[in-house]
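Here is the structure we will look at.
One-based numbering, in listed order, for ligands and for the atoms of each.
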Amino acid sequence: MPDDFDTVICGGTVANAGETFRADIGIRDGRIAAIAETLTGGRRRIDAAGRLVLPGGIETHCHIAQESSSGILSADGYDTGSVSAAFGGNSCFVPFAAQQRGQSVDEVIAAYDARSAGKSVLDYSYHLIVTDPNPKALSEELPRAFAHGITSFKVFMTYDLMNVGDAGMLDLLSVAKAHGAITMVHAENDAMVKWMNRRLAAAGRTAPKYHAISRPELAEAEAISRAIALAELVDAPLFVVHVSTAAGAAIVQRERLAGAKVFAETCPQYLAFTRADLDRPGLEGAKYICSPPLRDADSQAALWRHLQMDTFTCVSSDHAPYRFDASGKFRNGANPPYPKIANGMPGLATRLPYLFSEGVVKGRITLNQFVALSSTNAARLFGLERKGTIAVGFDADIAIWNPREVRTVTSADQHDAMDYTPFEGREFTGWPETVLSRGDTVIEKGRLAAAPGRGRFVPRRPADLTGIPGYRAPELDPTRNFGAEIAP
Ligand code: DUC
Ligand code: ZN
Ligand code: ZN
């Protein structure tokens, strides 16, 4: 039946998380309808000869239309954010919907629905950020959000306006466990960071480079360890965001090997830059202020090793876009001390080209690991059931890559709302050319081909934790705790 498909992608090399093969892909009604050596027909045929045909990237850590922990609005909304993500080879993204204390979870979701409505070119979901785990949020609002398909939320162990404390985390982890949701955590020891800030301020050390000093590696390691212990007590799954240190990654690796339901990501900035970038001339270092901070070359090597050994489930951008002007980095003055400079840097469009070029092209990770880290694992863990794999019945979310294209990154070529990219002048080999989302062409040979609002909110399922033993604390096991039924 020659005209049976809306689109046929022909002649390309398909790669999933588990295999690479030559095949044509037939797309009908937004889904992959056939995969075969040769497919005829198709109202439209995309010639992918010499190209890689990959599951579209899924970005699961980005801050879009969101206020920072100090109240600064991100430069990107769902319009520019989704377009930038699409140019970077993504076909779906999951930004955060952040609760301000005093706001109900329902109000948070309504606010972010209003912020995203009619804007996104890509399918999207939200992770909640929970800052106020009050009894109503725990018993009614969060379960309602999970049932609505928002099956993940993030908590902070630092930042006064966000920190939920260990007890709050235990309450949240228990609710997550009971409803099949997953808790993400920003893990840094709050007291260590505050103590360092006080010492540095007293010594007059407030230039951007001291940001890197102010958040010690030990602060990350200690908090990751504690967060995992809290999660293990109630046997809840935990996802550690933006791991930046060798010590933090080693803890995640050890606990995963021991069977804990622990997952983690690192980000390109921790692989590509070091604290020396915070010491760039003038205030240029402010462009590299993010939390946790950039580390050193040894940390980079360790993080690559952990990527090779599958310690990490995802590589995410942590796109936190604050412009290098008075709306962003210098919102608190033209020459502010580092604690007053917004934390974060852009990376939606460079996450995958960076990982492909430095990872696959340089032989550090395989093409299949690239697919797993950029798309498949995120889909499985965050419950995007029809995304992240090229298989019959899945959404036709596909990125067609030219693995040989060499391009230098410049701010002028970006499509976000930022005025800088930390990767300015870096040359990457391998770029996405064409991006489909549910069969619609979003990017075609480097040009935007979709209208704002085509992207849909995607309800998500609970994480698939099959095969992970988890941990039954004896004190919470009714067969060993004198029958006390106190665990979820
Ligand atoms: N944590 C993030 O995840 N992003 C930006 C800053 C921060 O602290
Ligand atoms: Zn964080
Ligand atoms: Zn973030």
Original post:
So which of the N, O or S atoms of H61 lies nearest the Zn ion (ligand 3)?
Top reply: NE2
**OP:** Just the protein N/O/S atoms under 2.8 Å from the Zn ion (ligand 2), please, no waters.
**Re:** H186 ND1, H242 NE2
**OP:** For R461, look at atom CZ and say whether over 12 heavy atoms of other residues, nucleotides or ligands are found less than 6.0 Å away.
**Re:** no
Original post:
Of Q300, Q269, E220, which is the lone residue that meets side-chain contact (heavy atoms from CB on, under 4.5 Å) with S244?
Top reply: E220
Original post:
What part of D318, side chain, backbone, both or neither, has a heavy atom within less than 4.0 angstrom of ligand 1?
Top reply: side chain
Original post:
So, for H148 and F457, is the gap between ring centers shorter than 6.0 Å?
Top reply: yes
**OP:** Please could you name the atoms of ligand 1 that H63 approaches to less than 4.0 Å, counting only its heavy atoms?
**Re:** 2 (C), 3 (O), 4 (N), 5 (C)
Subject >> Distance filter under 4.0 Å to H61 heavy atoms, resulting ligand 1 atoms >> reply: 2 (C), 3 (O)
Original post:
Which atoms of ligand 1 have any heavy atom of H186 under 4.0 Å away?
Top reply: 1 (N), 7 (C), 8 (O)
Original post:
What residues form a side-chain contact (heavy atoms from CB on, under 4.5 Å) with A417, not counting sequence neighbours?
Top reply: A75, D76, T80
Original post:
Which residues pass the side-chain contact (heavy atoms from CB on, under 4.5 Å) test with S82, sequence neighbours left out?
Top reply: F93, S120, V121, L122
Original post:
Tell me, which N, O or S atom in H63 is closest to the Zn ion (ligand 3)?
Top reply: NE2
Original post:
Is it the case that N90 and E59 place a side-chain donor and acceptor less than 3.5 Å from each other?
Top reply: no
Subject >> Interfacing atoms of ligand 1 (cut-off 4.0 Å, heavy-atom, H242) >> reply: 1 (N), 2 (C), 3 (O)
Original post:
For the residue pair H127 and F382, is the inter-centroid distance of their aromatic rings smaller than 6.0 Å?
Top reply: yes
Subject >> Part of K154 with heavy atoms under 4.0 Å of ligand 1, whether side chain, backbone, both or neither >> reply: side chain
Subject >> Ring centers of F96, F153 separated by less than 6.0 Å >> reply: no
Original post:
Are E107 and K136 close enough for a salt bridge, meaning some N to O gap below 4.0 Å?
Top reply: no
Subject >> Sequence-distant partners of V361, side-chain contact (heavy atoms from CB on, under 4.5 Å), two or more places apart >> reply: F356, T429
Subject >> Atoms of ligand 1 close to Y159 [distance to a heavy atom under 4.0 angstrom, numbered from 1] >> reply: 7 (C), 8 (O)
